[in-house]
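Worksheet for the structure shown next.
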Amino acid sequence: MSLASLAGLLFTLGSILVSVGFAAHIGHAVLLANGRRLVLAASAARSTAAAAAASVGLAAAGGSRDPGAGRMPAYAGVASGSFVAAQRAAIGVVPESAAPSPLSGAALLITLAGWVALAGAVLVRAYLVGRGPWGNLYEFSVAFAFSIIGGYLVLGRRYPIRSIGFIPVGVGLAMLLYASSLPSDIAPLVPALQNAPLLTIHVGMAVISYGIFATSFAAGIGYLVQGRQDRFSWLPSHTTLDQVAYRAVVIGFPIFATMIILGSWWASIAWSRYWGWDPKETAALVTWLIYAIYLHARNQRGWAGRPAALLLVVGFLMVLVTYSGSLWFSGLHAYSGL
Amino acid sequence: MSEAIRPPARSGSSDLLDDFEGNNLKIGGFDVFERLWHLFISMRTGLALIFAIALCSFVGTMVAQVPQGMAEDKTAYAVWVDGLRPKYGGWTNIFDALGFYGVFSSWYYRGLVVLLSTSILACSINRAPKLWKQATNPRIAMSPGFYQHAALRASLTVPATLEQAQVAVQAQFKHGGYRTIVATSGSGVDIYADKFRWGPFGTVFAHLSIIAIILGAIAGSAGFRDTAFVAPVGSKVAVGNGTNLSIQATSFNDAYYESGQPADYVSHLVLFDGSNQVMEADVRVNQPMRYGDVSFYQSFFGGAAAVRVTDASGAVLYDQGVPLQFQSQSGSETIGQLFLPDRDLAIYVVTPASGRVDSTIKTGQLQFEVYKGTAQTMIGTQVVGPGKPVQIGDLTYTFVREQRFTGLIVARDPGANFVWLGAFLLVFGVGLVFFFPNRRIWARVRQGEDGTVIEAGALTRHDVMFEAAFAKLVTDVKLGLAGPSAS
């Protein structure tokens, strides 16, 4: 088997696993929404944590409150509300959104396996092309999906966001499906792209930051649905969603800024000027400005909460516009299809 | 980490906490100035301006923008706008009326950038002294109300002496990498602890970086950028634009992959400063040639015709390549032009376009068209093959041979270094503020009825990781003073 075939095989395997992982995430969210969670495991873990927190007399104004306490499950009474209500005493302060379900483990493991397969596909492709494997729209889409899922997995280690995991995994899956419709032939680079170090770093940073922003998008969607009232117990609390989104943007924003700056540096080498209002670079600037607004607005009265969450959604939509720039507008980036 | 005991901060001490307690910056004097000042230091003003710039930029991204310089030529602009009608239909004129085709050079876009720069500058001036005081002379003692309402707060009653509790608290702060400042008062001991106190200056660097970048862009306008510099192979062409430089392209080669996709464009350039050769290099798309602050970039290429013009005495008036860089309206011919200002002549050289057989000029031949003066009165025209001189008017014209030309962009940008400085400041500032977050904790140790009471409080607006770190510190203090009863 040639390396090119191996890369293709790993891409196919990764896509299938991510598809199954996506379905498992959906199933996990549906089970939580219907109260079908693994009660005992959650109870034991959470009771310990709650006891530890309570023992030191900690308090946080609007901060360390338990997101699950005192809230009814999303669809209590619709399908299995009585089951959930009966278990609430046993659960104690367990946030429903963080509880495991019969599918939660599978959702994580299968998605992780898909991500590892995609990592293999990206690495083999990188070896084959001798640069960052994001020199055309197919390569970029695969790397984008890899980054989106990776961002979710990393942030998911710290925050209980598996119940909204279907959003980033779904966006990643959409990228993989789109990539599968694109020609995957390994083609040599046109002269303007023949700068392997800058191509690798500049576009690589775009891949990473776009991927991280996908999780902030998921958190923003979750926040808009959840509201400050924490309407749905199967969703992470609005506080958790706010923190995840902020964390994602704090990581992605400097990387995105560096990506734009390195793009300017490259433009000053290949196009004779660091900034030329090329549609794609301008779209990236607009994206960056939206996240800059978010970072400033998040703590401002009147902007915090839903408006800030809306900015996260608009920001990621702008990421998608920037990503798919060659489909929307012509410009100096058009030759790469990026 | 530990510092000498300092007296409690004066009541008039300026600190960002003053905002927490409702004290605002007072600026005496002229009311209008004060209003303007408050307008520009307002976060809402800044946000509105960034939002407006983002919106305009989005329009400029999605709507075609007129090429640089074309807007001044009304005829050319009208033709260009007509070319957009199939794309925008009935919106074409509306977009035109709204100025959407020239967003980035519009007065309103520039106005927004100026206003944002002013806002950024005002905010930085307003904020920097507060940050300095916060880092160098922070407020140490907080009111009892602070410990009841702070975003993060904790209270412990421990079976230890006041001194033991103070030592334990300070030890945990030190262990966590915090600087501590201690002040004693009649009611107990106040302990201030902070970490990464220079981190907030990242916001100042990041904001000022935008100013540096804008200044760089303004300074750049003092340079030049010639996007149509044409150098026929073998000919020496002056760079102009206030320089004493000239370029001679000794070769141009283009290479293609088997698929027909371009693989390489490379010009070999020799650079002269005056009459001295100062540089020689291959120039590719990703490999410009730089001499001082002037850069030469590979941009385009095409065919050229080597032409010689002599007068009746045999004196050579012109002996260089003429780049064939224009096309006839039908696309059947490529056209070059040369001027002999001493003779008040404009000469056009016309050849059949590559691959076109519908031209009246045969392949391998060239047509000279000679015009007199600004009135463009035709003196004569003749079609010739290579090496055959023809007489048109008083002069003899020879099509020597076919050539190629390389098209370069020649640019000098005296503001670029400002831009790179701004870029560095931006990344440095953003990294500093996000990855080295300033953490500040106030603690108060006092004697209670059931033992020594330790209270701690902190503000947290940006730092989502602080809550866990705060909890760990409090837990560690508790564990360090075994056997307390928490309240």
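Excluded from the calculations below are hydrogen atoms, water molecules and symmetry mates; all remaining heavy atoms, backbone and side chain alike, are included. Predicted model only: the values in this text are computed from it and were never measured.
- For the atom pair CD of A/Gln243 and CD of B/Glu467, the computed distance is 6.0 Å after rounding to the nearest 0.5 Å.
- In this structure, the portion of A/Tyr159 lying under 4.5 Å from any heavy atom of chain B is its side chain and not its backbone.
- Each of B/Trp420, B/Phe435, B/Phe51 has some count of heavy-atom pairs under 4.5 Å with chain A, and the biggest count is that of B/Trp420.
- A distance of 7.5 Å separates OG in B/Ser209 from CD1 in A/Ile261, rounded to the nearest 0.5 Å.
- In plain terms, the two heavy atoms of A/Val190 and B/Gln261 that are nearest each other are CG1-NE2, 3.3 Å.
- Note on B/Leu55, B/Asp413, B/Asn286, B/Val430: by heavy-atom pairs under 4.5 Å with chain A, the leading option is B/Asn286.
- In this structure, chain B has a heavy atom under 4.5 Å from the side chain of A/Trp288, while its backbone stays farther away.
- Here the closest heavy-atom approach between residue A/Tyr274 and residue B/Ala416 is recorded as CE2-CA, 4.3 Å.
- Crowding of B/Phe418 atom CZ: a count of heavy atoms from other residues, nucleotides or ligands under 6.0 Å not exceeding 12.
- Under the 6.0 Å cut-off for aromatic ring centres, B/Phe104 and A/Trp275 do not qualify, their centroids lying 6.0 Å or more apart.
- Looking only at heavy-atom pairs under 4.5 Å with chain A, the residue among B/Gly216, B/Pro262, B/Ala255 that has the most is B/Pro262.
- B/Thr61 contributes atom OG1, which lies 8.0 Å from atom CG of A/Leu285 (distance to the nearest 0.5 angstrom).
- More than 12 heavy atoms of other residues, nucleotides or ligands shown are found within 6.0 angstrom of CZ on B/Phe300.
- Among the candidates B/Gln287, B/Arg225, B/Arg290, B/Gln65, the residue making the largest number of heavy-atom pairs closer than 4.5 Å to chain A is B/Arg225.
- Scanning both residues, B/Tyr257 and A/Leu189, for their nearest heavy atoms gives OH-O, 2.8 Å.
- The shortest heavy-atom contact between A/Pro191 and B/Asp264 is CG-N, 3.8 Å.
- Most heavy-atom pairs under 4.5 Å with chain A, from the set B/Ala54, B/Ala411, B/Ala263: that is B/Ala263.
- Residue contact with chain B, scored on non-hydrogen atoms closer than 4.5 Å, is absent for A/Leu198.
- B/Ser57 and A/Thr282 make their closest contact through O-CG2, 3.7 Å (heavy atoms, listed as atom of the first residue, atom of the second, distance).
- Heavy atoms closer than 4.5 Å to chain A are found in the side chain of B/Leu426, but not in its backbone.
- Proximity to chain A (any heavy atom under 4.5 Å) is restricted, for B/Ile210, to the side chain, taken from C-beta onward.
- With a 4.5 Å cut-off on non-hydrogen atoms, B/Ala64 does not touch chain A at all.
- With respect to chain B, the highest number of heavy-atom pairs below 4.5 Å among A/Thr258, A/Ile251, A/Leu289 belongs to A/Leu289.
- For A/Ser268, the parts sitting under 4.5 Å from any heavy atom of chain B are the backbone and the side chain alike.
- Ranked by heavy-atom pairs under 4.5 Å with chain A, the first of B/Val410, B/Ile409, B/Leu47, B/Val427 is B/Leu47.
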